[in-house]
Asker: 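Structure below; questions to follow.
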Amino acid sequence: MTNANVRVRFAPSPTGYFHLGSARTALYNWLFAQHTGGSFILRIEDTDRTRHHPEALPDLFDSLRWLGWFWDEGPEVGGSYGPYYQSDRAELYRQYADQLIQAGKAYRCYCTPERLAALREEQRRERQKPGYDRRCRHLTSAQIAQFEAEGLRSVVRLMAPTEGQTSFEDVLRGRIVVENAELDDMVLLKSDGYPTYHLANVIDDHLMEISHILRGEEWLPSVPKHVLLYNALGWPMPAQVHLPTILDPSGKGKLSKRKQKGPGEAERLTFIHEFRQAGYLPEAMTNFLALVGWAYDAETELFTRDELIRYFDLDHVSKSPAAFSYEKLDHMNSVYIRSLGDNDLANRLLQVLRRADLDADYQRVLQFAPLIKERLRILSDAIDLIDFAFVDVHTIDAETLVQKAMGVDGTRQTLTDSAEALQALPSFDEEAIEETLRGLVGASEYKIRDYFGALRMALTGKRVSPPLFETMAVLGRQDTVQRLRRAAQALNEAE
RNA sequence: GCCCCCAUCGUCUAGAGGCCUAGGACACAGCCCUUUCAAGGCUGCGACGGGGAUUCGAAUUCCCCUGGGGGCACCA
């Protein structure tokens, strides 16, 4: 399907950092626009002045660009349907609100927040449906004049029908019908003069000529109210597509926008910048997120960006909520890391290592890249894996250095023998190292596992490391021999 | 409480009446490979929530129940 008239928007409100749930919504909008050749619009719904978070916007823009989901219109890129910040459009919303009042389709309500809270409280106690009781719906002009004279603050409410039904078509879910009695007179304009989501979103979607609304399922219940608004304004409604919720990994409840502890005490990653920081690849994030709520066929899970764009369609978007699996993301990320070229990987690792305060140099990282490539789930795994290569002295605990089967003397002997043999090698390359060391193990009474274990420990200070011979070759003769000798020395001192 | 949405392995899913003794992936278990850890290979475990109805035939259609999720603000 190619339709240049497709215009979709991602419309977050800047109240916090860009998180997984919003990201999936943004992605589907972006993919749908790319797929259809339409436009992807970014609009900032900043009409709640009390919840504005100063870092939200920079975080959002950085994250979207990092992911490569560029917007065709919106902040920092412009467009002919602006402004793209709702706070800059406030006057517009007031005009439409006035227009609705003039037409008798909306009215001013002078009820105080306190009265409304008390009303809700009472309704809750009486087990009644919460909702505005429409007290101000039929004020006389005299009453209105009096309230205005008293300087009472007011909001504008929609005059919703009390009987009949309202229905609409959701692309994924089909026809949805609700009783108008369930709807109440929603606030369109707040007392501070700013619009509510409902008013602003309807007006902007219309004026910006949005063709499809792809948004989270949590908006489904408010669509009937929007239908009323579109009707009151005499506008056609864009196609509605309500995306399934992303659930917490446990499958219990919506994925939180805030920090959440996983099993154990580990804090789960929530914000996109955290995934970036941890070393998830934007390609993998895009691929994985696309699959939370959409599938191409029974088999395929790995998609390039272009394939995603080519294959993505609304027909295969799922209706049921999906739990977010961090394990599967990790797996996919590791697949993407393994597919990276050595230079590419080295460049990405360099940043991660330096951020971890390691004095890493490109050449050495490049040499390690192929050795650790298949051992990384996320880029920051590299820190634990090869930090030893970028520190001069590492203290090795004699306790762990000594192999049980070899004893202190045996371990020390192994280290010095190996150091000597390696020192004497004509050529210090991987093959020569392996041949020599295997020869030494064969001549000794020890098992390969123990023998190499001691060397690994001496060299890296770890039980787990990249392959031994390759690591030695990367470290070089001098460094390797020195590490082995220092370790042997440490055993002397420990005695 | 009321309203809306949803329902296949533990999780993500394929499945649009016979191709299904239900396929793939993650996770998990075992074996192989192996200098550690990974990666890789092989094998295994494992699901159509329940009940009716339609039909020659239902995971696929309809109804009820149950379960899960979401919503009921001068927040978006």
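Naming: A, B, ... by sequence-line order, numbering from 1 per chain.
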Asker: Look at the rings of A:F324 and A:F288 and say which category their plane angle falls in: under 30° parallel, 30 to 60° tilted, over 60° perpendicular.
Answerer: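 The rings of A:F324 and A:F288 stand perpendicular, inter-plane angle above 60°.
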Asker: Donor-acceptor pair under 3.5 Å: do we get one between A:S320's side chain and the base of B:C6?
Answerer: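 Under the 3.5 Å cut-off, the side chain and the base do not form any donor-acceptor pair.
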Asker: Which listed nucleotide (B:A38, B:C74, B:C72) is nearest to the side chain of A:K129?
Answerer: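 Nucleotide nearest to A:K129's side chain: B:C72.
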Asker: If you check every side-chain atom of A:P113, which of B:C74, B:G70, B:U35 has the closest atom?
Answerer: B:C74
Asker: With respect to the side chain of A:R51, which nucleotide from B:C75, B:U36, B:G70 is positioned closest?
Answerer: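 My answer, after comparing the listed nucleotides, is B:C75.
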Asker: Figure out the CZ/P separation between A:R24 and B:C12, and round it to whole Å.
Answerer: 13 Å
Asker: A:K254 NZ to B:C5 P: how many Å, rounded?
Answerer: 18 Å
Asker: Answer with base, sugar-phosphate or nothing: what part of the nucleic acid does A:Q86 contact at a heavy-atom distance below 4.0 Å?
Answerer: nothing
Asker: Output the rounded distance in Å from CZ (A:R135) to C1' (B:C74).
Answerer: 17 Å
Asker: Would a line drawn from the ring center of A:W294 to the ring center of A:F312 be shorter than 6.0 Å?
Answerer: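 When the ring centroids of A:W294 and A:F312 are compared, they turn out to be within the sub-6.0 Å range.
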Asker: So what does A:R115 touch, heavy atoms closer than 4.0 Å: a base, only the sugar-phosphate, or nothing?
Answerer: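 Here A:R115 touches no strand at all.
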Asker: Take the protein atom OH of A:Y197 and the nucleotide atom C1' of B:G71, then report the distance between them rounded to whole Å.
Answerer: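 Atom-to-atom, A:Y197 to B:G71, this comes out as 13 Å.
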Asker: Between B:C74, B:G69, B:C26, which nucleotide has the shortest distance from any of its atoms to the side chain of A:P321?
Answerer: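 Of the options given, the side chain of A:P321 lies nearest B:G69.
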Asker: Which listed nucleotide (B:G69, B:C6, B:A38) is nearest to the side chain of A:R375?
Answerer: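 My answer, after comparing the listed nucleotides, is B:A38.
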Asker: Go through B:G24, B:A27, B:U35 for me and flag the one nearest to the A:H331 side chain.
Answerer: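 Ranking B:G24, B:A27, B:U35 by closest atom to the A:H331 side chain puts B:A27 first.
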Asker: Quick test of your reading of the model: are A:D384 and A:R375 salt-bridged, counting only N-O distances below 4.0 Å?
Answerer: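 A salt bridge is absent here (no side-chain N lies under 4.0 Å from a carboxylate O).
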Asker: Just call it for A:P14: base, sugar-phosphate, or nothing, with non-hydrogen atoms closer than 4.0 Å on any strand.
Answerer: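 No contact.
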Asker: Categorize A:P467 for me: base, sugar-phosphate, or nothing, with a 4.0 angstrom heavy-atom threshold over every strand shown.
Answerer: base
Asker: Is there a side-chain contact between A:S222 and the phosphate of B:C72, meaning an N or O under 4.0 Å from OP1 or OP2?
Answerer: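 No.
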Asker: With sugar-phosphate meaning primed atoms plus P, OP1 and OP2, does A:L220 contact a base, only sugar-phosphate, or nothing at under 4.0 Å between heavy atoms?
Answerer: sugar-phosphate
Asker: Using a heavy-atom cut-off of 4.0 Å across all strands, would you classify A:V155 as base, sugar-phosphate, or nothing?
Answerer: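 A:V155: base contact, heavy atoms under 4.0 Å.
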Asker: Whole angstrom is fine here: how far is it from CD in A:E435 over to P in B:U35?
Answerer: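 Rounding to the nearest Å, CD of A:E435 and P of B:U35 are 16 Å apart.
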Asker: Just to be sure I understand the rule, does A:R120 reach a base, reach only the sugar-phosphate, or reach nothing, if contact means heavy atoms closer than 4.0 Å?
Answerer: sugar-phosphate
Asker: Please state whether the phosphate of B:A39, meaning OP1 or OP2, lies under 4.0 angstrom from any side-chain nitrogen or oxygen of A:R377.
Answerer: no
Asker: Less than 4.0 angstrom between a side-chain N/O of A:R338 and OP1 or OP2 of B:G40, yes or no?
Answerer: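 For A:R338, the contact criterion (side-chain N or O under 4.0 Å from OP1 or OP2 of B:G40) is met.
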Asker: With a non-hydrogen cut-off below 4.0 angstrom, is A:F469 in contact with a base, only sugar-phosphate, or nothing?
Answerer: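 The answer is base, as A:F469 lies within the cut-off (heavy atoms under 4.0 Å) of a base atom.
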Asker: When the distance from CG of A:N287 to P of B:C12 is rounded to whole Å, what number comes out?
Answerer: 18 Å
Asker: Whole-Å distance between B:G1 C1' and A:E122 CD?
Answerer: 15 Å
Asker: Taking the six-membered ring for Trp, are the ring centroids of A:F275 and A:F18 within less than 6.0 Å of each other?
Answerer: no
Asker: Parallel, tilted or perpendicular: which describes the rings of A:H226 and A:Y197, with under 30° parallel and over 60° perpendicular?
Answerer: tilted
Asker: Provide, to the nearest angstrom, the distance between the CG atom belonging to A:L371 and the C1' atom belonging to B:U36.
Answerer: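 Roughly 14 Å, once rounded to whole Å.
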Asker: Name the closest nucleotide to the A:E217 side chain, picking from B:G69, B:A39, B:C12.
Answerer: B:G69
Asker: Sticking with atom P, work out how far B:U11 lies from B:A47, rounded to a whole angstrom.
Answerer: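 Taking atom P in both B:U11 and B:A47, they lie 12 Å apart.
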Asker: For a quick test of reading the model: is some side-chain N or O of A:K190 closer than 4.0 Å to OP1 or OP2 of B:C75?
Answerer: yes
Asker: Among the nucleotides B:A76, B:G15, B:C37, which one has an atom lying closest to any side-chain atom of A:H316?
Answerer: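 Selected nucleotide (nearest to the side chain): B:G15.
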Asker: Using a 4.0 Å heavy-atom cut-off across all strands, classify A:C109 as base, sugar-phosphate, or nothing.
Answerer: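 If one applies the 4.0 Å heavy-atom cut-off, A:C109 turns out to touch nothing in the nucleic acid.
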Asker: Going by atom types only, do A:H19 and A:S22 share a side-chain donor-acceptor pair under 3.5 Å?
Answerer: yes
Asker: Tell me what A:G216 touches on the nucleic acid: a base, only sugar-phosphate, or nothing, going by heavy atoms under 4.0 Å.
Answerer: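 If one applies the 4.0 Å heavy-atom cut-off, A:G216 turns out to touch nothing in the nucleic acid.
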Asker: Among the candidates B:A76, B:C12, B:G70, find the nucleotide nearest to the side-chain atoms of A:E301.
Answerer: B:C12
Asker: So, applying side-chain hydrogen bond (donor to acceptor under 3.5 Å, both in side chains) with A:Q86, which one of A:D46, A:D48, A:N201, A:D204 is it?
Answerer: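 Single pass found, and it is A:D204.
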Asker: Can you say whether a donor on the side chain of A:K319 sits under 3.5 Å from an acceptor on the base of B:C6, or the other way round?
Answerer: no
Asker: Looking only at the side chain of A:A322 (C-beta and beyond, no hydrogens), which of the listed nucleotides B:U11, B:C74, B:U13 gets closest?
Answerer: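 Between B:U11, B:C74, B:U13, the one nearest the side chain of A:A322 would be B:U13.
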Asker: Donor-acceptor pair under 3.5 Å: do we get one between A:R463's side chain and the base of B:U36?
Answerer: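 Absent.
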